[in-house]
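Scroll down for the structure; my scribbles are underneath it.
First the proteins, then the strands, lettered A, B, ... as listed; each starts at 1.
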Protein chains: 2
Amino acid sequence: MMAMSCKDGGKLGNMDNGKYVRYTPEQVEALERLYHECPKPSSIRRKQLIRETLILSNIEPKQIKVWFQNRRCREKQRKESSRLQAVNRKVTAMNKLLMEENDRLQKQVSQLVCENGYFRQHTQSATLATKDASCESMVTSGQHHATHQHPPRDASPAGLLSIAEETLTEFLSKATGTAVEWVQMPGMKPGPDSIGIVAISHGCTGVAARACGLVGLDPTRVVEILKDRPSWLRDCRAVDVLNVLPTANGGTVELLYMQLYAPTTLAPARDFWLLRYTSVLEDGSLVVCERSLKNTQNGLSMPPVQHFVRAEMLPSGYLIRPCEGGGSIIRIVDHMDLEPWSVPEVLRPLYESSTVLAQKTTMAALRQLRQISQEVSQTNITGWSRRPAALRALSQRLSRGFNEALNGFTDEGWSTIGNDGMDDVTILVNSSPDKLIGLNLSFGNGFPAISNTVLCAKASMLLQVRISNIFFDTATDETLSLNCYYIPSVRW
Amino acid sequence: MMAMSCKDGGKLGNMDNGKYVRYTPEQVEALERLYHECPKPSSIRRKQLIRETLILSNIEPKQIKVWFQNRRCREKQRKESSRLQAVNRKVTAMNKLLMEENDRLQKQVSQLVCENGYFRQHTQSATLATKDASCESMVTSGQHHATHQHPPRDASPAGLLSIAEETLTEFLSKATGTAVEWVQMPGMKPGPDSIGIVAISHGCTGVAARACGLVGLDPTRVVEILKDRPSWLRDCRAVDVLNVLPTANGGTVELLYMQLYAPTTLAPARDFWLLRYTSVLEDGSLVVCERSLKNTQNGLSMPPVQHFVRAEMLPSGYLIRPCEGGGSIIRIVDHMDLEPWSVPEVLRPLYESSTVLAQKTTMAALRQLRQISQEVSQTNITGWSRRPAALRALSQRLSRGFNEALNGFTDEGWSTIGNDGMDDVTILVNSSPDKLIGLNLSFGNGFPAISNTVLCAKASMLLQVRISNIFFDTATDETLSLNCYYIPSVRW
DNA sequence: GACTAATAAGTCGTAACTAT
DNA sequence: ATAGTTACGACTTATTAGTC
């Protein structure tokens, strides 16, 4: 009441009565900007700011000092509070995930223990015996879904939707149920810093891997990233969407053709003829699931493609559940039959190993999501080490170049100009223009890049020590710095 | 500098220059006290406070208003911050627990799957076969510890310590390892509101139950509570500590004699002759573990006691790990052989059920800890429903009274004055003075309690529907209100 | 000197109540 | 109903005490 008595009157220049003047929005804006640049300016710098910034010129140095002090204090309090909240959200989501995983594991243990008891009982009582009805269903449950044969259906939307729904069910039973006997992947400890919880299959047809984890991205964004397989799966050469059918429930059924590079010169590449079903569950989770289609489905077919071995994808996919506070809980199942019969016997373990699938595909997906999520949360600072997106792009390009040279597909411009007849050493040449993009480098000797042909020599050898396949890729043209980075490159 | 220019003039009496005077510690103390009584006093009340409180008399009403306003604001901020921190601590601890549990489950699954593969392989290949060396050790691991026979050792401190250390190892392998095939307890879902993660044994000798959970109590307090078994285990009649030996590592080895009431008139009570070892692990965890001693250990023995059947406790105990922020992560294993051969066949399922053990003992321990932890954290408000300690004491007294009458031990003053020869109906009398403590009640009719003898009639019947044993306890004396509450009481 | 932590007191928007 | 009063929460500015 009496406070204003002498307040409103005098306002000469800047501070008249020295008491409590709210700074104008423009002043606050300027101060905020300066704070963002440097939250702790020195006395000299502060005086400089007053001189340089017109809008601040009527504020006393002492007040500027106080403003920065208070600003720092506010920031500290806000930061602490929001940090705590963020940690909280994250840990709570992790908890949820672990709780569900726990539940699944406990179910699996119960089932296995029961099954086991059945075996023990029947091993004791000699050869064959009266079946224990209560457990019998569990004993073979590990195979139920994997060997499931769906009846022949036509390629009508209804027929495809029927396959899609079935795929969804089978995928979910692998992702959250005990349809596959998942066992912990060797060397993967669940922990706050780990990529997630990773398991591999045991005793089912084909190879399967499963991972679950948290990422700080919205489900829609996650789906977007994961569906773009060539961007994160090193061995993925292409995914062509041949057809798109929207479904009544707001989902999408797509027919895809996908090619995977071979990881070695000793085996042909793989391709897939797939149905992909994207939909939303009742609880708001997004699901993308996939499976192979028969080569000959009435009305739709995908004839064999030269140089590729047709492989099978068993029901697989991504289950993405939003969690409060912006992130997603993600479950990934990859399950395929890579037709190991078609590769030399020594390489078969690579095509029959769930661990390899987990490392190359399943974990790679989670890793990609983690990296993108981190980029989003980080502020954009210059410098190579702080630009993961650029690093990722380079890494992907290197991989792609390597895989291209390794596979040497003619449609990418490669032609063989000689080999030693044993497939051990091959010389390729490529003169397509896109191979030279970005390669206009000069070397230290000052010669500019002038050649317009890439020459590549490759050799494969198998190390028996720890199933490894070493691939040497030697570019004979100096300008080919990109591929030169791969000398020598070890795969597997 | 110029701040006081026009303010200091008009301030008669108390506040001279009206600007920012820190209140004296005495004033703050008085204000805090008043705030504690009422954090939001009305304008009238505030003026009253200034008049009534000498020390505040020179503070303006407006200042008092502002002080309370600021005080409320501070409280709010502090509350929010500490609330977040507390939630954080709790969730993080839960996370840790779940992660460990996950790890254990994954190990168990791997083991079971391996074992299973072994069985499958050997079931297929007829009868007996070449053993798979890599898995053989796992196939029988479930029994390893349970049937372990320790060599006869003397009762010297060294001998007892040797048994104690072995007990510790076996307990830990049950609590954190896969020494027992734990399966999820039916009907127990792990969740934030559940009592904890509870599992029961499968296919090992005796009955075993396991629980883990978090409580907001210090490990030392937890140990204190759990060791005092009669305070939380309804069926525990007494625990006598016969001997205490401190160990070199700061632990304690105790020799105990424990009695458990029978839960029915149709079976005798159990007693135990135990070694209990309390110690601290390297990581700061407290451990209390127990096991039965042989009835005849050189130099030490515990001859059979009349009316009791000697039961065996297999390595069991409590593992209590402190977690940052004050709480504890607790793992409990109870493993006993209750000698079911000694009870009528119809009752045996009660003595062979791990679920019953889990509910009566393992979960009861966690429940007790939870309740005490909640009492500590709650402020003391009057009213019965807000006094859990009193309720707990009453509940315990009721249980004890019931168990006493049910078991009718002569040393507690009970004597049989008649039964129908079939053990179906028994009449007991008890005139010991402690039965009347607290019973000096008068009823509505105005008659004071004058009788000094308790008369009790009891009958047991077994309901086959859901193995239940109903016990009716009828006090014939009006004054026995305590036992009257038990008409009819259902056990099991 | 400047820094941090705590705190007194100011502004602003809003809601409830009051007086005419 | 509408302007005026009052109190409050949220936020901001300024002051003090204590540390380095």
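Distances were taken from every side-chain heavy atom of A:K76 (C-beta onward) to each of D:dC8, C:dT4, C:dC3; the shortest belongs to C:dT4. Nearest to the side-chain atoms of A:Q69 among the listed nucleotides D:dG9, C:dC3, D:dC11 stands C:dC3. Nearest to the side-chain atoms of A:R72 among the listed nucleotides C:dT4, C:dT7, C:dA5 stands C:dT4. Side-chain atoms of A:K62 lie closest to D:dT15 of the nucleotides C:dA9, D:dT15, C:dT7. Of the candidates C:dT4, D:dA14, C:dA8, D:dA14 carries the atom nearest the A:V66 side chain, counting heavy atoms from C-beta on. Side chain of A:R22, nearest nucleotide from C:dA9, D:dC11, C:dT7: D:dC11. Of the candidate nucleotides C:dT7, C:dA2, D:dT12, D:dT12 has the atom lying nearest to any side-chain atom of A:R74.
Between the P atom of D:dA7 and the CD1 atom of B:I64 lies a distance of 14 Å, rounded to the nearest Å. Distance, A:R78 CZ to D:dC11 C1': 9 Å, rounded to whole Å. Look at CD on A:Q27: it is 14 Å from C1' on D:dT12, rounded to the nearest Å. Rounded to an integer number of Å, the gap from CG of B:N70 to C1' of D:dC11 is 11 Å. Protein atom CD of A:Q77 is 10 Å distant from nucleotide atom C1' of C:dA5, rounded to whole Å. Rounded to an integer number of Å, the gap from CD of A:E80 to C1' of C:dA5 is 15 Å. B:I44 places its CD1 atom 12 Å from the C1' atom of D:dT6, with the value rounded to the nearest Å. For the pair B:Y35 OH and C:dT7 C1', the interatomic distance rounds to 15 Å; values are reported in whole Å.
Of the charged side-chain nitrogens involved, at least one lies within less than 4.0 Å of a carboxylate oxygen, so that A:E100 and A:R321 count as a salt-bridged pair. By the 4.0 Å N-to-carboxylate-O rule, A:R71 lies close enough to A:E75 to be salt-bridged with it.
In terms of phosphate contacts, B:R71 brings no side-chain nitrogen or oxygen within less than 4.0 Å of OP1 or OP2 of C:dA6. Using a 4.0 Å cut-off, some side-chain N or O of A:Q63 falls inside it from OP1 or OP2 of D:dA14. Distances shorter than 4.0 Å separate none of the side-chain N or O atoms of B:Y23 from OP1 or OP2 on D:dT16. In this structure, A:S43 reaches the C:dA2 phosphate: one of its side-chain N or O atoms is under 4.0 Å from OP1 or OP2. For the OP1/OP2 pair of D:dT12 and a distance below 4.0 Å, the side-chain nitrogens and oxygens of A:W67 include no atom meeting the criterion.
No donor-acceptor contact under 3.5 angstrom links the side chains of A:K65 and A:S43, judged on distance only. For the residue pair A:S285 and A:D283, a side-chain donor N or O sits within less than 3.5 Å of a side-chain acceptor on the partner.
A side chain to side chain contact (heavy atoms under 4.5 Å, CB included) with B:L226 holds for exactly one of B:L286, B:V288, B:L369; it is B:L369.
Across all strands shown, A:S42 has no heavy atoms under 4.0 Å from either base or sugar-phosphate atoms.
For the pair A:E32 and A:V28, the minimum side-chain heavy-atom distance is below 4.5 Å.
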